[in-house]
Number of protein chains: 2
Amino acid sequence: MLRHAGFRATYGRVALLEMLAHARKPVRVETAAKAVRGKLDLTNTYRALEALRRVGLVRRVDLGHAHTHYELAEGKHHHHLVCDSCGKVADVEIQEKEMERAALRAARDFKSVRAHSLEFFGLCNACV
Amino acid sequence: MLRHAGFRATYGRVALLEMLAHARKPVRVETAAKAVRGKLDLTNTYRALEALRRVGLVRRVDLGHAHTHYELAEGKHHHHLVCDSCGKVADVEIQEKEMERAALRAARDFKSVRAHSLEFFGLCNACV
DNA sequence: TTTCTTATTGCGAATCTTTTGCATTTAGGA
DNA sequence: TCCTAAATGCAAAAGATTCGCAATAAGAAA
């Protein structure tokens, strides 16, 4: 995958992709860096994730915190429902196309929608 | 408004609300602070905006940048379509309720949705 | 395999946004 | 006018992310 995307397949990047593949929810850069400790430091984890994002191997997830999360870009684009209380994250699929069309209809003066970010916040069953 | 919300009506906060009332799009904290220069410094602009947000007078808008934007909380909750090229912002209204219901349906294990964030990115008519 | 080019990395320092501490000022009720 | 808690300014801290640069290593070529 890495070579095909024009990258060198370094231990750090491979480890990074592997950890993302096993993660069950979007991961903070700091967490990712710790997971590949010894193979890639924090600075280069930032650089690697950004590079991987640019070629579409990973996606940025903005959960409204001060820090960015990343997840492996597999399957279709989806959103998240985050528990306010425990932080649990569930994947959510929504009628994307229709929503973007609606946005375009609502926004006079715009010709196209390239992307959107949509995250939900609420309570999971295990929390009060 | 300020007194009614339990605040002291200081020059700084009044100026802040006035500038937000005239702004045509969500404003960065730094920009807001410059606009009320002399009446409120950067630190207290942060404090004031957060306080105003807690009582519902302003809303936070997260456009996916490294910094937070704020807008006056008037009218119904809405979203934004941001031009990738020039940064122009248009307001967008979407069928909120139905979307949140759909999210809840899609996310097993969740009992409620308190809020969501939704922003669109694309190109306005004036840009390439 | 060895060599060579340059992408990648580590590390320190810088930058940017946001928060905190604290002494001083001030809005607004008594 | 007086008094107290809310607000404020300023300096410094904290957290996230980026930059600069010399050292290292992946992978193509010999």
Side-chain angles (χ1 to χ4, degrees), chain A residues 1-20 26-71 82 87 117 119, chain B residues 1-20 26-71 82 87 117 119:
Chain A
M1 286 165 68
L2 285 166
R3 298 219 183 82
H4 190 266
F7 290 123
R8 288 181 182 178
T10 65
Y11 287 114
R13 286 172 177 170
V14 170
L16 201 53
L17 285 177
E18 276 175 355
M19 92 80 81
L20 286 176
V27 178
R28 294 183 49 164
V29 181
E30 192 191 352
T31 307
K34 274 182 188 152
V36 297
R37 180 174 32 215
K39 305 200 184 68
L40 215 49
D41 73 353
L42 182 60
T43 296
N44 288 301
T45 301
Y46 271 103
R47 291 199 257 234
L49 287 171
E50 254 311 282
L52 294 171
R53 185 194 62 75
R54 276 197 300 275
V55 299
L57 283 177
V58 306
R59 294 200 194 95
R60 286 182 76 144
V61 178
D62 193 338
L63 299 178
H65 302 130
H67 40 258
T68 306
H69 293 232
Y70 287 87
E71 67 182 1
V82 186
S117 80
E119 310 301 334
Chain B
M1 285 167 67
L2 285 166
R3 297 220 181 80
H4 190 267
F7 290 122
R8 289 182 180 175
T10 64
Y11 288 114
R13 286 172 177 174
V14 170
L16 201 52
L17 285 176
E18 275 174 355
M19 92 80 82
L20 286 176
V27 178
R28 295 184 49 162
V29 182
E30 192 191 354
T31 308
K34 275 183 187 151
V36 296
R37 180 174 31 215
K39 305 199 183 69
L40 215 49
D41 73 353
L42 182 60
T43 295
N44 288 302
T45 301
Y46 272 103
R47 291 199 258 235
L49 287 171
E50 254 312 281
L52 294 172
R53 185 193 62 75
R54 275 198 299 275
V55 299
L57 283 176
V58 307
R59 295 200 195 97
R60 287 182 73 145
V61 179
D62 192 338
L63 298 178
H65 302 131
H67 41 258
T68 306
H69 293 231
Y70 287 87
E71 67 181 1
V82 186
S117 80
E119 311 300 334

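Residue numbers begin at 1 in each chain, while the letters A, B, ... track the order of the sequences.
Electrostatic pairing of A/Glu50 and A/Arg47 does not count as a salt bridge here, judged by no charged N lying under 4.0 Å from a carboxylate O.
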Quiz prompt | Criterion side chain to side chain contact (heavy atoms under 4.5 Å, CB included) on B/Leu17 and B/Val58, from CA distance to verdict | solution = CA-CA 9 Å; B/Leu17 285 176; B/Val58 307; 4.3 Å; yes

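Taking only side-chain nitrogens and oxygens, B/Thr10 comes nearer than 4.0 Å to OP1 or OP2 of D/dT8. In terms of phosphate contacts, B/Tyr46 brings a side-chain nitrogen or oxygen within less than 4.0 Å of OP1 or OP2 of C/dT18. Between C/dT18 and B/Thr68, a contact under 4.0 Å exists linking OP1 or OP2 to a side-chain N or O. Within the structure, every side-chain polar atom (N or O) of B/Asn44 is placed at least 4.0 Å from both OP1 and OP2 of D/dA7.
The side chain to side chain contact (heavy atoms under 4.5 Å, CB included) test with A/Pro26 is passed by exactly one of A/Thr31, A/Val61, A/Val82, A/Asp62: A/Val61.
Separating the CG atom of A/Leu42 from the C1' atom of C/dT8 is a distance of 16 Å, rounded to the nearest angstrom. Distance OH (B/Tyr11) to C1' (C/dT25): 14 Å, rounded to an integer number of Å. Computed from coordinates, the B/Leu40 CG to C/dA27 P distance equals 13 Å when rounded to whole Å. Between the NE2 atom of A/His67 and the P atom of D/dT17 there is a distance of 8 Å, given to the nearest Å. Atom P of nucleotide C/dT18 and atom CD of B/Glu30 are separated by 9 Å, given to the nearest angstrom. Rounded to an integer number of Å, the gap from B/Arg3 CZ to C/dG28 C1' is 8 Å. Taking atom CZ of residue A/Phe7 and atom C1' of nucleotide D/dA28, one finds them 18 Å apart after rounding to whole Å. Atom CG in A/Leu49 sits about 14 Å away from atom C1' in D/dT18, given to the nearest Å.
Cation-pi contact between B/Arg13 and B/Phe7: present, with separation from the ring centre below 6.0 Å and deviation from the ring axis of at most 45°.
With hydrogens and angles ignored, a donor-acceptor pair closer than 3.5 Å exists between the side chain of B/Arg8 and the base of D/dA5. Counting atom types as modelled, A/Arg47 pairs a side-chain N or O with a base atom of D/dG20 as donor and acceptor under 3.5 Å.
Toward the 5' end of DNA chain D, the nearer of the two residues A/Arg60 and A/Ala9, judged by each one's closest nucleotide, is A/Arg60. Residue whose closest nucleotide on DNA chain D sits further toward the 5' end, between B/Thr43 and B/Ala66: B/Thr43. Along DNA chain C, the nucleotide closest to A/Arg13 and the one closest to B/Val29 are compared, and the more 5′ of them pairs with A/Arg13.
Counting heavy atoms from C-beta on, the side chains of B/Asp41 and B/Val36 never come closer than 4.5 Å.
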